[in-house]
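Only this structure's heavy atoms are used, side chains among them; waters, hydrogens and symmetry mates stay out.
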Amino acid sequence: MRIARFSIDGNVAFGAVEGDGPDGLVLDIIKGIPYADFELSGTKVPLNKVRLLPPVLPNKVVAIGRNYAEHAAELGHEVPDVPVAFLKPTTSVIGSGDAVEYPSFSQDVHYEGELAVVIGRMCREVPRERVKDVVFGYTCANDVTARDAQQREKQWARAKGFDTSCPLGPWVETDLDPGDLAIQTTVNGEQRQLGRTSDMVWSIEDLVVHITEAMTLLPGDVILTGTPAGVGPLHVGDEVAVTIEGIGTLTNKVIKRG
């Protein structure tokens, strides 16, 4: 099931996405919240009549660096012995169709298309065999990065945590095997990244076990699983799109921060 979060007439709701093709999609509004038992209301609205919001409002976004060997190599790094985790704040999260604001402190902002894992229940110290039980679903992400600040400051809080640096969307797919999905990033329609989740160094099970050894994850929290090779710059006016097989396409324009 595809679960979207949206606004219409000033109200925010979750809905199940039904239909095919951009003009044939409708939202069946959900009673309650999708992490618990819920019912479909039967009240349906066309997708093109609503504004899509970030599909979740995470308490935290836990991102993983250098989880594809070719991406680590293109930046001149070796693959670490354990997953490298960092946090992106909730203020970095935007939805599909929202604008990425080019930060004033950077002159070299990069796209990083990624598969995002959405957590469905509170969990800590999750054993490997229980990982599927705590995952709600999957969505597309773009770990937008101020590369010059990342290199200059030697830590990643500002470089990867600035406002609008974490686009998520367009919705969460709850029925998906994430083991071998194609990930593609385009800029202005030109392909820049093309990889597969099967090339991850650490699997989703590895990441959930590793992260929950240290911290409790809450419903709606997000794990970014790393980016394939092919990262590169974005400029004001660009349109960047991340497409993941079985999920959909996350699209954002880049604008100058006002």
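- Of the inter-residue distances, the one linking L181 atom CG with I244 atom CD1 reads 7.5 Å to the nearest 0.5 angstrom.
- Under the 3.5 Å distance criterion, the side-chain polar atoms of D148 are matched with a main-chain donor or acceptor of Q107.
- Inter-residue side-chain proximity for S165 and K160 is flagged as unmet; no heavy-atom pair is nearer than 4.5 Å.
- In the hydrophobic clustering of this structure, I255 does not group with V242; members are Ile, Leu, Val, Met, Phe, Trp, Tyr whose side-chain heavy atoms approach within less than 4.5 Å, directly or through other members.
- Residues I94 and L234 share a hydrophobic cluster, clusters being chains of Ile/Leu/Val/Met/Phe/Trp/Tyr side chains in contact below 4.5 Å.
- Remark: S198 OG to Y68 OH distance equals 8.0 Å, nearest 0.5 Å.
- In the hydrophobic clustering, where aliphatic and aromatic side chains (Ile, Leu, Val, Met, Phe, Trp, Tyr) are joined below 4.5 Å either directly or transitively, M122 groups with L218.
- When hydrophobic clusters are built by joining Ile, Leu, Val, Met, Phe, Trp and Tyr residues whose side-chain heavy atoms come closer than 4.5 Å, directly or via intermediates, V135 is grouped together with I247.
- Enclosure of atom CZ in R124 is not indicated, since only 12 or fewer non-hydrogen atoms of other residues, nucleotides or ligands lie within 6.0 angstrom.
- With hydrogens and angles disregarded, no donor-acceptor distance shorter than 3.5 Å links the side chain of N188 to the backbone of D238.
- Contact record, P167 with L250: O-CD2, 3.4 Å, taken as the closest heavy-atom pair.
- Taking hydrophobic clusters as Ile, Leu, Val, Met, Phe, Trp and Tyr residues chained together by side-chain heavy-atom distances below 4.5 Å, L87 shares a cluster with W202.
- Here the side chain of E70 pairs no donor or acceptor atom with the backbone of P228 at under 3.5 angstrom.
- Taking all atoms of both residues into account, the shortest heavy-atom contact from T212 to C123 is CG2-SG, 4.2 Å.
- Formation of a donor-acceptor pair under 3.5 Å by the T243 side chain with backbone atoms of Q184 is not found in this model.
- Cluster annotation: I204 and L176 are assigned to the same hydrophobic cluster (Ile/Leu/Val/Met/Phe/Trp/Tyr, side-chain heavy-atom contacts under 4.5 Å, transitive).
- D9 places no side-chain N or O within 3.5 Å of a backbone atom of N11 that could act as its donor or acceptor partner.
- The backbone N or O of G15 lies less than 3.5 Å from no partner atom in the side chain of D28, so there is not a single donor-acceptor pair.
- Residues satisfying the side-chain hydrogen bond (donor to acceptor under 3.5 Å, both in side chains) criterion with E245, sequence neighbours excluded, are R196.
- Remark: T139 pairs with no residue by the side-chain hydrogen bond (donor to acceptor under 3.5 Å, both in side chains) rule, at least two apart or across chains.
- For the atom pair CD1 of I183 and CG of L194, the computed distance is 9.5 Å after rounding to the nearest 0.5 Å.
- Under the 4.5 angstrom side-chain criterion for Ile, Leu, Val, Met, Phe, Trp and Tyr, the cluster partners of V222 are M1, I3, F14, I30, I33, Y35, F38, L40, V56, V61, V93, V118, F136, L168, V172, L224.
- When all heavy atoms of L52 and A4 are compared, the closest pair comes out as CD2-CB, 3.9 Å.
- For the atom pair CE of M200 and OG1 of T225, the computed distance is 3.0 Å after rounding to the nearest 0.5 Å.
- You'll find the side chain of F6 reaches within 4.5 Å of the side chain of V45, heavy atoms only.
- In terms of modelled atom types and a separation under 3.5 Å, the side chain of N59 and the main chain of D221 share no donor-acceptor contact.
- By the 4.0 Å N-to-carboxylate-O rule, D206 lies close enough to R128 to be salt-bridged with it.
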Taking it one step at a time, do H110 and Q150 satisfy side-chain contact (heavy atoms from CB on, under 4.5 Å)? CA-CA 11 Å; H110 285 204; Q150 181 186 25; over 6 Å; no
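- Remark: the backbone N or O of E101 is not paired with any side-chain donor or acceptor of K256 at under 3.5 angstrom.
- Listed by chain and residue number, A149, Q155, R158 satisfy the side chain to side chain contact (heavy atoms under 4.5 Å, CB included) test with E153 (two or more places apart in sequence, or in another chain).
- Between R51 and D98 there is a salt bridge, since at least one side-chain N of the basic residue sits less than 4.0 Å from a carboxylate O of the acidic one.
- Under the 4.0 Å criterion applied to side-chain N and carboxylate O atoms, D143 and K88 are assigned as salt-bridge partners.
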Could you go step by step and tell me if D108 and Q151 meet the side-chain contact (heavy atoms from CB on, under 4.5 Å) rule? CA-CA 11 Å; D108 189 25; Q151 295 169 348; 5.6 Å; no
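- The distance from the CD1 atom of I211 to the OG1 atom of T216 is 12.5 Å, given to the nearest 0.5 Å.
- Separation of atoms CG (L27) and CG (L47) is listed at 5.0 Å; rounding is to 0.5 Å.
- Pairing each heavy atom of T227 with each of G113, the nearest pair is OG1-O, 2.9 Å.
- Using a distance-only test at 3.5 Å, with no hydrogens or angles considered, no donor-acceptor pair links the side chain of R192 to the main chain of G230.
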Can you list the steps and then say if L25 with W171 is a side-chain contact (heavy atoms from CB on, under 4.5 Å)? CA-CA 12 Å; L25 295 178; W171 41 65; 3.9 Å; yes
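- Sparse packing is recorded around NZ of K49, with 12 or fewer heavy atoms of other residues, nucleotides or ligands lying under 6.0 Å away.
- Hydrophobic cluster membership for V12: L53 (Ile, Leu, Val, Met, Phe, Trp, Tyr linked by side-chain heavy atoms under 4.5 Å, directly or transitively).
- Nearest heavy atom pair, residue V144 against residue F162, reads CG1-CZ, 3.8 Å.
- Shown here for E112 and T145, the closest heavy-atom pair between the two residues is OE2-OG1, 3.5 Å.
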If you apply the rule side-chain contact (heavy atoms from CB on, under 4.5 Å), what do you find for I223 with L217, and how did you get there? CA-CA 10 Å; I223 298 172; L217 296 178; 4.0 Å; yes
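- Between the side chain of E39 and the backbone N or O of S41, no donor-acceptor pair lies under 3.5 Å.
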